[in-house]
There are 2 protein chains.
Amino acid sequence: MRSASEDRTARATIRDEALRLFAAHGPDKVTVRQIATAAEVSPGLVVHHFGSKDGLRAECDRWAVETFENLLGELTREEGGATWAPEPTGSLHEALVRHLPADSPLPGYLRRLLLSDEEAGRLLFRRLYEVSRAALDDLARAGRAEPGPDPAVRAALLLANDLAVLLLREHLADVLGVDPLTREGMARWAPEVLDLYAVGLGATPRAPEEGA
Amino acid sequence: MRSASEDRTARATIRDEALRLFAAHGPDKVTVRQIATAAEVSPGLVVHHFGSKDGLRAECDRWAVETFENLLGELTREEGGATWAPEPTGSLHEALVRHLPADSPLPGYLRRLLLSDEEAGRLLFRRLYEVSRAALDDLARAGRAEPGPDPAVRAALLLANDLAVLLLREHLADVLGVDPLTREGMARWAPEVLDLYAVGLGATPRAPEEGA
DNA sequence: TAACGTATTGAACATGCGTTCAGCTTCGGA
DNA sequence: TCCGAAGCTGAACGCATGTTCAATACGTTA
């Protein structure tokens, strides 16, 4: 028996491949046999390790949420004592780009979770909303933003705007010619968000001096 | 044989029910038998009228895109000669709320189209992006907005922000307690967007005088 | 070494799916 | 009035899927 610390057991391989396939195509479109083939095992072994396809999906959900929470924790620690501000200092999608390898299945999996009608997706969104509200509060206390007359909606708006990049990633990459969830794409996306959040649409303070 | 103008043929009923079910649960989760039951016909009739389930889905796609294009045309006509400005004067989701009955399956269907990896979804997004770019150009010409150093990204950003409401509708309704795709929800959402686009996050010019 | 539990396989099974088809009904036009 | 096409049904078919299961290989433990 391979020890649990050595993370290349067949079980771990199955989960990783499932994660990748689920994120890319959605659990409904992916068959147990596809996962088994990708992990180079038999279909029977998949269900032996995870009870059922749904059990495997639940395990992937768990992994995704846990990994994401760890990332959130890292960010909070980076920022010092205060709660981490995802908006607009560091957006969520910026955090994903910076702390994850380029081929990580996590963004895609979180996207799928948010779009599914699973309970886990609802919980994830509520969690993100709480973070967004807390961040807006912090920003307001620091005098860097106004909470506005309706802080609940403002926090939701900021969150939705941020998540839009994650949800529309492929479409945006399509029309812009660059994937916004890469360093290169973020270099074009982030300044525009900063401008918008700083002064709205009316004026642009930063002169376009340096190209690329 | 009932005439084609009388739009309550079994064929039309099937398409309407399919539209509703597809929008709500996605075509993969909906079976031909469910559609047949909802339309009070036999499963055989569904495939008799549309060739196959996929043919029915394609017909729904066609209907949705066509209906949406008509709506876009209406809006352009409303605004006078110039191209319609979906941002920020009238957002897309605002247009949907105003011109569609509350129980219309169109918003949900468009959402599903945008999130599917069908070609129709990509075409729809490209179309929306073109509209967004044209609108930003118009706004810039009218001196009501700056195109910024990177107009392509700015237009994409505005579009993504707008679509976020459509994509996250249920989550937002969940945390805010009000569906943003209703008149009531829009009454809370729209002012916040206006503020953001007018002056950014820094200050709020409009005093919160009147309640409700 | 013997016993045992775990990892693993490949074939088989049950089910739900989209689809087919033969036959019945309905109804407009010759 | 009769015919033929279209609307429509219910049962059946074929297939892919998730799942089960008996059997085998292997490493650990007594």
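Chain letters run A, B, ... following the sequence lines, proteins first, then strands; residues in each count from 1.
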### Message
I need the CD1-C1' distance between A:I35 and D:dT19, as an integer number of Å.
### Response
14 Å
Show the distances under 3.5 angstrom between N or O atoms of the protein and N or O atoms of nucleotides 16-23 of chain C.
from, atom 1, to, atom 2, distance (Å)
C:dG18, OP1, B:K53, NZ, 2.8
C:dG18, OP2, B:V32, N, 3.0
C:dG18, N7, B:R33, NH2, 2.7
C:dG18, O6, B:R33, NH2, 2.9
C:dT19, OP2, B:K53, N, 2.6

### Task
Using the test salt bridge (charged side-chain N to carboxylate O under 4.0 Å, His left out), find all partners of B:R111 that sit at least two apart in sequence or belong to another chain.
none
### Query
Can you name the residues that form a salt bridge (charged side-chain N to carboxylate O under 4.0 Å, His left out) with B:E40, not counting sequence neighbours?
none
### Separation of C:dT6 C1' from A:R11 CZ (nearest whole Å)
13 Å
#### Entry: B:Y129 versus A:D174, side-chain donor and acceptor atoms under 3.5 Å
no
### Task
Only counting residues at least two apart or in another chain, list the ones meeting salt bridge (charged side-chain N to carboxylate O under 4.0 Å, His left out) with B:D28.
A:K29
### Task
For A:L45 and D:dG18, give me the distance from atom CG to atom P, rounded to whole Å.
16 Å
### Query
Who are the salt bridge (charged side-chain N to carboxylate O under 4.0 Å, His left out) partners of A:R127, not counting sequence neighbours?
A:E69
### Message
Restricting to side-chain hydrogen bond (donor to acceptor under 3.5 Å, both in side chains), what partner residues turn up for A:R188, sequence neighbours left out?
### Response
B:D150
### Message
Expressed as a whole number of angstroms, how long is the span from A:H25:NE2 to D:dT17:P?
### Response
14 Å
### Query
Can you name the ring-ring contact (aromatic ring centres under 6.0 Å, His included) partners of A:F125, sequence neighbours left out?
B:H171
### Query
Bend angle of the helix from C:dT1-D:dA30 to C:dA30-D:dT1 from five-pair axes at both ends, rounded to 10°?
10°
### Message
Output the rounded distance in Å from CD1 (A:I14) to P (C:dT8).
### Response
7 Å
### Query
Restricting to pairs with a member in residues 29-72 of chain B, which pass ring pair (Phe, Tyr, Trp, His ring centres under 6.0 Å), not counting sequence neighbours?
none
